[in-house]
Protein chains: 2
Amino acid sequence: MTDDPRWLSARELQAWMRLEAVAELLPAALDHQLQRDADLSHYDYLVLAKLSEAPDRTLRMSGLAASTNATLPRLSHVAARLEARGYLTRTRAEDDRRATLATLTEEGWRKVVATAPTHVAEVRRLVVDRLSPEQVVQLDAIALAVLGALDPENRLEAQNPVAGA
Amino acid sequence: MTDDPRWLSARELQAWMRLEAVAELLPAALDHQLQRDADLSHYDYLVLAKLSEAPDRTLRMSGLAASTNATLPRLSHVAARLEARGYLTRTRAEDDRRATLATLTEEGWRKVVATAPTHVAEVRRLVVDRLSPEQVVQLDAIALAVLGALDPENRLEAQNPVAGA
DNA sequence: CCTAGAGGGTTGAAGCGTCAACCTTTGGCT
DNA sequence: AGCCAAAGGTTGACGCTTCAACCCTCTAGG
């Protein structure tokens, strides 16, 4: 490959390794809490939460996938399970029969309402309450900068290795 | 456990959602790059990298699991695959016959050396080079604070790059 | 029309992580 | 010595994500 890798400085390396550790441990911790308290994965919760905030508590699958930073197949499987558990329903869209609309049920709504407080408390315990107000602002800016590279303006799409024209 | 939910402020919520997105997308991006360029998962690479930095390129499984922020069963499965591919070997420890020592092979060493430059370049592209020097310091402090909650045992590691530059 | 192709979702197989059960070794206690 | 609990790892089953293949619908061209 290239001759000069431009290795990381000590500071950069340390920050990177700590971010790596957070990225590894944080999702697991959130999954654990939600699994224990609500029998939901973190992603399950995200799906229900996003629906609960949407107009008519309804979103298209593709939009829901984008707003939860997931691929469509993943959402499709998750939605199938959540539907089987009675938390949401899927229907074909009237205007575009290709599209599927996911709608939160009453039971799904109650699930979110019942789950949110403890989940937020956990988010506070693990992250927000450990940071100063300035650090919250800094984190916001840093995460935004990184997202710029992760999702180049492209609400998560593109699984093509080479250009598809 | 349910006195007052203490909801997040707008600022806190935004920072949190962005961190959530990063935690979701960053591991996937790194996995993709390593899978494509070296046929390794991000975690595979971490294991090989940690071994490459260790004395005699050897570590106990439990220590290796801790330093890669993973559970022992996970590491055990990964080590079995990496051993099958010839990148490391596992032997019983002399002093404590319960323990298993993982040792990087010559081929494993070569794999790390060959893989590191492009991986570092990707880390730069996605994270480090998108941040100002001040933000790198901020990120370090923020990640450390969060790790304090995620890792009660505080087994924070020292770092040592494979090569200098 | 009717056909090609793109957009939107779903499905099934394969791979990885988690959990619980298990085996072996070590160390403490009598 | 003898026993029992804990420490260190491994294994197998199960669940979730990914990838590729597929189906249906909409749109554009001829």
Side-chain angles (χ1 to χ4, degrees), chain A residues 23-36 39-47 59-85 88-102 154-161 164-165, chain B residues 23-25 27-36 39-47 59-85 88-102 153:
Chain A
E24 185 75 44
L25 296 173
L26 186 53
L30 293 170
D31 268 335
H32 244 83
Q33 180 264 315
L34 283 166
Q35 200 71 57
R36 172 165 45 75
D39 195 26
L40 292 174
S41 73
H42 182 213
Y43 185 73
D44 290 340
Y45 175 79
L46 254 182
V47 168
L59 285 173
R60 287 169 66 128
M61 292 294 281
S62 53
L64 185 51
S67 76
T68 54
N69 299 304
T71 60
L72 208 32
R74 178 182 185 184
L75 173 60
S76 188
H77 282 132
V78 169
R81 290 170 219 140
L82 292 176
E83 186 171 35
R85 293 170 66 179
L88 59 80
T89 59
R90 284 181 293 179
T91 56
R92 291 228 159 278
E94 299 300 329
D95 53 338
D96 185 342
R97 313 286 269 217
R98 295 172 297 182
T100 302
L101 298 178
N154 201 355
R155 291 307 297 170
L156 188 69
E157 196 47 17
Q159 293 194 353
N160 47 348
Chain B
E24 186 75 43
L25 297 174
L30 294 170
D31 268 335
H32 249 81
Q33 180 265 316
L34 283 166
Q35 199 72 55
R36 171 167 45 74
D39 196 26
L40 292 174
S41 73
H42 179 39
Y43 185 73
D44 290 339
Y45 174 79
L46 254 182
V47 167
L59 285 173
R60 288 169 63 128
M61 293 293 282
S62 52
L64 186 52
S67 75
T68 54
N69 298 304
T71 60
L72 208 31
R74 179 182 183 184
L75 173 60
S76 188
H77 282 134
V78 169
R81 290 169 217 142
L82 292 177
E83 186 171 34
R85 294 171 65 180
L88 59 80
T89 58
R90 285 181 292 179
T91 56
R92 290 230 158 277
E94 299 301 330
D95 53 336
D96 185 341
R97 314 287 272 215
R98 295 172 298 182
T100 302
L101 299 178
E153 312 308 323

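A, B, ... follow the sequence lines: proteins, then strands. Residue 1 opens every chain.
Note: CZ (B:Arg74) to P (D:dG9) measures 17 Å, nearest angstrom. Atom CZ of B:Arg60 and atom C1' of D:dT10 are 16 Å apart (whole Å). Atom CD of A:Gln35 is separated from atom C1' of D:dC14 by 13 Å (rounded to the nearest Å). For the pair A:Leu46 CG and D:dT17 C1', the interatomic distance rounds to 15 Å; values are reported in whole Å.
What you find for B:Val47 and B:Leu75 is that their closest heavy atoms are CG2-CD1, 3.9 Å.
Listed by chain and residue number, A:Asp39 satisfy the salt bridge (Lys or Arg N to Asp or Glu O under 4.0 Å) test with A:Arg85 (two or more places apart in sequence, or in another chain). Judged as a side-chain hydrogen bond (donor to acceptor under 3.5 Å, both in side chains), and not counting sequence neighbours, B:Ser76 has no contacts. Not a single ring-ring contact (aromatic ring centres under 6.0 Å, His included) links B:Tyr43 to another residue, sequence neighbours left out. Applying the side-chain hydrogen bond (donor to acceptor under 3.5 Å, both in side chains) criterion to A:Arg60, with sequence neighbours excluded, gives no partner residue. Listed by chain and residue number, B:Pro73, B:Arg74 satisfy the side-chain contact (heavy atoms from CB on, under 4.5 Å) test with B:Thr71 (two or more places apart in sequence, or in another chain). The salt bridge (Lys or Arg N to Asp or Glu O under 4.0 Å) check on B:Arg98 picks up B:Asp96, with sequence neighbours excluded. Residues satisfying the side-chain contact (heavy atoms from CB on, under 4.5 Å) test with A:Ala28, not counting sequence neighbours, are none. Residues satisfying the salt bridge (Lys or Arg N to Asp or Glu O under 4.0 Å) criterion with B:Arg81, sequence neighbours excluded, are absent altogether.
To the nearest 0.5 Å, atom CZ of residue B:Arg97 and atom CZ of residue B:Arg92 are 8.5 Å apart. Interatomic distance, A:Leu30 CG to A:Leu34 CG, rounded to the nearest 0.5 Å: 7.0 Å.
Taking every nucleotide of DNA chain C with any atom under 4.0 Å from a non-hydrogen atom of chain B, the first and last of them, 5' to 3', are C:dC16 to C:dT26.
An OP1 or OP2 oxygen of D:dC19 is reached within less than 4.0 angstrom by no side-chain nitrogen or oxygen of A:Thr71.
Position along DNA chain D of the nearest nucleotide to A:Tyr43 versus B:Arg90 favours B:Arg90 as the more 5'-ward residue. Across the interface with DNA chain C, nearest-nucleotide mapping of A:Ala28 and A:Leu101 shows A:Leu101 to be the residue nearer the 5′ end.
Of the residues in residues 75-83 of chain B, those with a non-hydrogen atom less than 4.0 angstrom from any atom of DNA chain D are B:Ser76, B:His77.
A side-chain donor-acceptor contact under 3.5 Å links A:Asp31 to the backbone of A:His42. The main-chain N or O of B:Ala70 is never found under 3.5 Å from a side-chain atom of A:Glu24 such that the two would form a donor-acceptor pair.
Nucleic acid contact class of A:His42 (heavy atoms, under 4.0 Å, all strands): none.
For the helix from C:dC1-D:dG30 to C:dT30-D:dA1, the end axes, each set by the C1' atoms of five terminal pairs, are bent relative to each other by 10° (nearest 10°).
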Heteroatom pairs (N/O) under 3.5 angstrom, protein to nucleotides 24-29 of chain D:
| residue | atom | partner | partner atom | Å |
| --- | --- | --- | --- | --- |
| D:dC26 | OP1 | A:Arg97 | N | 2.8 |

